[in-house]
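Here is the naming used below: chain letters follow the sequence lines, and residue numbers restart at 1 for every chain. Values below: all heavy atoms of this structure, side chains included; hydrogens, waters and symmetry mates excluded.
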Protein chains: 2
Amino acid sequence: MYVTRQADYAVRCVLYLARAPHRIESVGAIARAMHIPRSFLAKIVQRLVKIGLLRSLRGVQGGIQLARRPRAINLLEVIEAIQGPSAMRECAVNPRDCCLSATCAVHPIWVELRRVAVQRLKRENFAQLARRRAR
Amino acid sequence: MYVTRQADYAVRCVLYLARAPHRIESVGAIARAMHIPRSFLAKIVQRLVKIGLLRSLRGVQGGIQLARRPRAINLLEVIEAIQGPSAMRECAVNPRDCCLSATCAVHPIWVELRRVAVQRLKRENFAQLARRRAR
DNA sequence: TTAAATAGGACTGTTTTGCTCATGTTTCTA
DNA sequence: TAGAAACATGAGCAAAACAGTCCTATTTAA
């Protein structure tokens with residue numbers, strides 16, 4: 001369950017939007033606020049739009065906004081929208097990729113840890129996150 | 001907490017040895033049995049020897065063996081021996097690497113998930129693993 | 001002496017990651 | 001209706017990580 005920087009950027013972006021849902025924000029403003037390279041974020045946003053997590057509005061005064069209420073979006077789906085399903089070891093997602101997994105004593109542990117992480121990330125929604133303040 | 005293939009190889013190797021502790025096995029034999037490229041495993045073994053997890057004996061009839069009892073070796077230390085400490089996001093290990101981590105709402109989640117994984121991997125020792133049979 | 005083993009270092013090819021750029025399209029507004 | 005401010009799309013690129021090989025020691029049992 002490695003999270004790429006790209007997915008982290010996506011999370012930050014959604015988090016930013018979740019703090020002012022319904023508001024339309026420009027990618028540039030979000031990039032500045034969240035310390036993300038602007039044109040890179042633009043690419044990331046494209047994917048989030050395409051899968052229907054964000055809505056975009058073109059033209060002057062355009063920008064992006066959440067397509068759903070923050071509490072209806074969880075951490076896992078944002079991460080997987082960018083990097084697909086992942087695990088500590090590929091075999092935990094796709095056992096066929098590993099010639100040993102059927103007889104491997106370690107395999108069940110990868111599966112278990114993935115399950116725990118997935119559960120936790122699914123439980124965390126962006127309404128919670130938006131409320132949460134840093135320590 | 002991504003686990004590289006290299007670390008996985010290390011785990012398989014230690015697991016193999018844990019099934020016949022005290023026995024001296026050649027790297028070649030282990031490589032064959034565990035489907036690991038031989039010369040690659042040789043490099044991996046070097047590191048495990050250097051940090052004192054394995055003992056090696058040179059010369060004809062030489063090979064490697066565990067330096068401790070299987071139940072005194074846990075999964076985490078083998079993995080970290082190869083790839084160092086890891087997490088879903090670097091900031092969970094080293095908060096200074098991230099300019100946001102102090103105020104980031106997501107950061108505590110990375111930390112929490114890392115703690116869970118580390119705990120679990122530490123709890124699993126190679127005596128358990130060696131006994132364990134595939135589903 | 002020789003063969004079988006580890007030790008060590010240099011090196012290489014591939015993939016992933018992180019990111020930029022150029023160009024096009026849409027739409028508000030003056 | 002022109003122009004500026006947005007997003008959309010695809011190509012491309014550099015650096016790092018990853019996976020692995022190879023060659024040359026060195027050691028040691030037989």
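- Per the geometry, CD belonging to B:Glu90 stands 14 Å off C1' belonging to D:dA16, to the nearest Å.
- Distance, A:Ile51 CD1 to D:dA8 P: 14 Å, rounded to whole Å.
- Under a hydrophobic clustering in which Ile, Leu, Val, Met, Phe, Trp and Tyr are joined whenever their side-chain heavy atoms come within less than 4.5 Å, directly or via other members, B:Tyr16 and B:Val78 fall into the same cluster.
- Under the salt bridge (charged side-chain N to carboxylate O under 4.0 Å, His left out) criterion, B:Glu25 pairs with B:Arg23, sequence neighbours left out.
- With a 4.5 Å cut-off on side-chain heavy atoms, B:Ile73 and B:Asn125 do not count as touching.
- Judged as a salt bridge (Lys or Arg N to Asp or Glu O under 4.0 Å), not a single pair has a partner in residues 37-47 of chain A (not counting sequence neighbours).
- Counting only residues at least two apart or on different chains, the ring-ring contact (aromatic ring centres under 6.0 Å, His included) pairs with a member in residues 40-91 of chain B are B:Tyr9-B:Phe40.
- No engagement by A:Val45 is indicated, since no non-hydrogen atom pair under 4.0 Å with the nucleic acid exists.
- Using a 4.5 Å heavy-atom threshold, the side chains of B:Tyr2 and B:Ser86 count as separate.
- First and last contacts of DNA chain C with chain A, using any nucleotide atom under 4.0 Å from a protein heavy atom and ordered 5' to 3', fall at C:dT17 to C:dC28.
- Put simply, the side chain of A:Leu113 reaches to within 4.5 Å of the side chain of B:Arg120, judged on heavy atoms.
- Counting only residues at least two apart or on different chains, the salt bridge (Lys or Arg N to Asp or Glu O under 4.0 Å) pairs with a member in residues 54-70 of chain A are A:Arg68-A:Glu77.
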Note to self: Please encode protein proximity along nucleotides 19-29 of chain D as a string of B, S and -, counting only heavy-atom distances under 4.0 Å.
What the structure shows: SBB----BBBB

